[in-house]
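Read the structure below first, then the notes.
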There are 2 protein chains.
Amino acid sequence: MREDQAAPPPADVELIGRRTPQRSTVLGALIGSAEFLSAQALHLRLLAAGEHVGLSTVYRTLTALAEAGRADVVRDPGGERLFRYRPSPQHRHYLLCRVCGTGLPVDSSLVGSWAAGISASSGFADVQHTVELTGTCPDCLREQ
Amino acid sequence: MREDQAAPPPADVELIGRRTPQRSTVLGALIGSAEFLSAQALHLRLLAAGEHVGLSTVYRTLTALAEAGRADVVRDPGGERLFRYRPSPQHRHYLLCRVCGTGLPVDSSLVGSWAAGISASSGFADVQHTVELTGTCPDCLREQ
DNA sequence: GCGCACATGACAACGGTTCTCATGTCGTTT
DNA sequence: AAACGACATGAGAACCGTTGTCATGTGCGC
Ligand SMILES: [Mn+2]
Ligand SMILES: [Mn+2]
Ligand SMILES: [Zn+2]
Ligand SMILES: [Zn+2]
């Protein structure tokens, strides 16, 4: 029923430095959302809930979480970066709904080995890959 | 020797509207470059060559070419969009050097069918994919 | 408790891109 | 050839996501 608990014990805050109320709040909001969120959307959400955390702090916390591997980052068509909490530290890819933002994790082992093969045959070093799938989810399809 | 001819007959200008000197110039510069270029880099290049084309026009022309399928667009890590002329109208993917910007086309048929499979099994409609590979090319590796 | 390295937040600055609008021009019609 | 209208151009401002600045606040090891 409630999709956001008051304050689900945010354990991995300390992965990114000192434990502060602001970081716990941001991490809590990120964990509480099933969808990818932009820094600004998350900030607005906090304001609406009466939680006053500076926008700079939201940006810094999300960026730090992403660098620590606790958040996935994706770029929306407009270039905005969207964040989503990642419970397990593994690398993942998502199929994102362009209408509602819902993200569905997809099995990307095939893409991973494809990229590894390209890396080996090209002579390039430190090859990284970005894979993003977008579409319209069944729910949003139904609602026209 | 010369990597940029004076003005290689730019045929597909008219794919994006009226044929103007500015559009021919922009398209010529795009065709003359083997690498992905940002709108601003291309603009600077034109200025250096004594060709005065407004930055707005460069943006408009590149965007129109991309929409017409005559240019590939890729996002660099900083969020900047990079353009490259696409002689054939097929969909392509590249392995980009993070140092010098060189782009190597890669065989992505595997990724295409993977994406198609995900599309079919997920129930999502209109699934599009973004695949970007980045690394350090052999030349840039050599130069330390 | 002290102290300081680290964190916060209001605000300004930044960089890429798009918008505005007055002026110019392509290309078609008489 | 001249005229006309729709479209294109360009200088500058506006926009928007993001990062920097810096004075103030605070977590936390001592
Ligand atoms: Mn992957
Ligand atoms: Mn493809
Ligand atoms: Zn949806
Ligand atoms: Zn290189």
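Computed from a predicted model, the values in this text were never measured in an experiment. Just the heavy atoms: all of them, side chains too, but no hydrogens, waters or symmetry mates, feed the values below.
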How close do [X] and [Y] get, heavy atom to heavy atom, and via which atoms?
| X | Y | answer |
| --- | --- | --- |
| A/Phe124 | B/Cys137 | CZ-CB, 3.4 Å |
| A/Val58 | A/Ala39 | CG1-O, 3.5 Å |
| B/Leu96 | B/Gly103 | CD2-CA, 3.6 Å |
| B/Asp107 | A/Ile118 | O-CD1, 4.3 Å |
| B/Arg45 | B/Leu37 | NH2-CD2, 3.8 Å |

Rounded distance (Å) that lies between atom [atom2] of [N] and atom [atom1] of [X]:
| X | N | atom1 | atom2 | value |
| --- | --- | --- | --- | --- |
| A/Leu46 | C/dG9 | CG | C1' | 14 Å |
| A/Arg23 | C/dA7 | CZ | C1' | 6 Å |
| B/Ile16 | D/dA6 | CD1 | P | 21 Å |
| B/His43 | C/dT17 | NE2 | P | 13 Å |
| A/Leu62 | C/dT8 | CG | P | 12 Å |

**Fill in**
Protein heavy-atom contacts under 4.0 Å, written 5' to 3' over nucleotides 22-30 of chain C as B (base), S (sugar-phosphate only) or - (none), form the string ----BS---
**Request:** Please report how far the helix from C/dG1-D/dC30 to C/dT30-D/dA1 bends, comparing the axis fitted to its first five pairs with the axis fitted to its last five, to the nearest 10 degrees.
**Result:**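 About 20°, once rounded to a multiple of 10°.
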**Request:** Determine, using the 4.5 Å side-chain heavy-atom cutoff (strictly less than), whether B/Leu82 and B/Ile31 are members of one ILVMFWY cluster.
**Result:**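 Each belongs to a different hydrophobic cluster.
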**Prompt:** So B/His93 and A/His129, ring-ring contact (aromatic ring centres under 6.0 Å, His included) or not? Walk me through it.
**Reply:** CA-CA 11 Å; B/His93 296 290; A/His129 63 270; over 10 Å; no
**Item:** Check against side-chain contact (heavy atoms from CB on, under 4.5 Å), A/Tyr85 and A/Ser33
**Value:** CA-CA 8 Å; A/Tyr85 181 65; A/Ser33 165; over 6 Å; no
**Item:** Polar side chain donor-acceptor pair, B/Thr57 to B/Gln22, under 3.5 angstrom
**Value:**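 No pair is found: no donor N or O on one side chain lies under 3.5 Å from an acceptor on the other.
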Listed pairs, N/O of protein and of nucleotides 18-20 of chain D, under 3.5 Å:
{"unit_1": "D/dT18", "atom_1": "OP1", "unit_2": "A/Arg81", "atom_2": "N", "d": "2.9"}
{"unit_1": "D/dT18", "atom_1": "OP2", "unit_2": "A/Tyr59", "atom_2": "OH", "d": "2.8"}
{"unit_1": "D/dG20", "atom_1": "O6", "unit_2": "A/Ser56", "atom_2": "OG", "d": "3.1"}

**Test: B/Arg86 and B/Asp72 ion pair at under 4.0 Å** =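 Between B/Asp72 and B/Arg86 there is a salt bridge, with a charged N closer than 4.0 Å to a carboxylate O.
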**Asked** Does any N or O in the side chain of B/Ser24 come within less than 3.5 Å of the main-chain N or O of B/Thr20, such that one atom is a donor and the other an acceptor?
**Response**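 Confirmed, B/Ser24 side chain pairs with B/Thr20 backbone.
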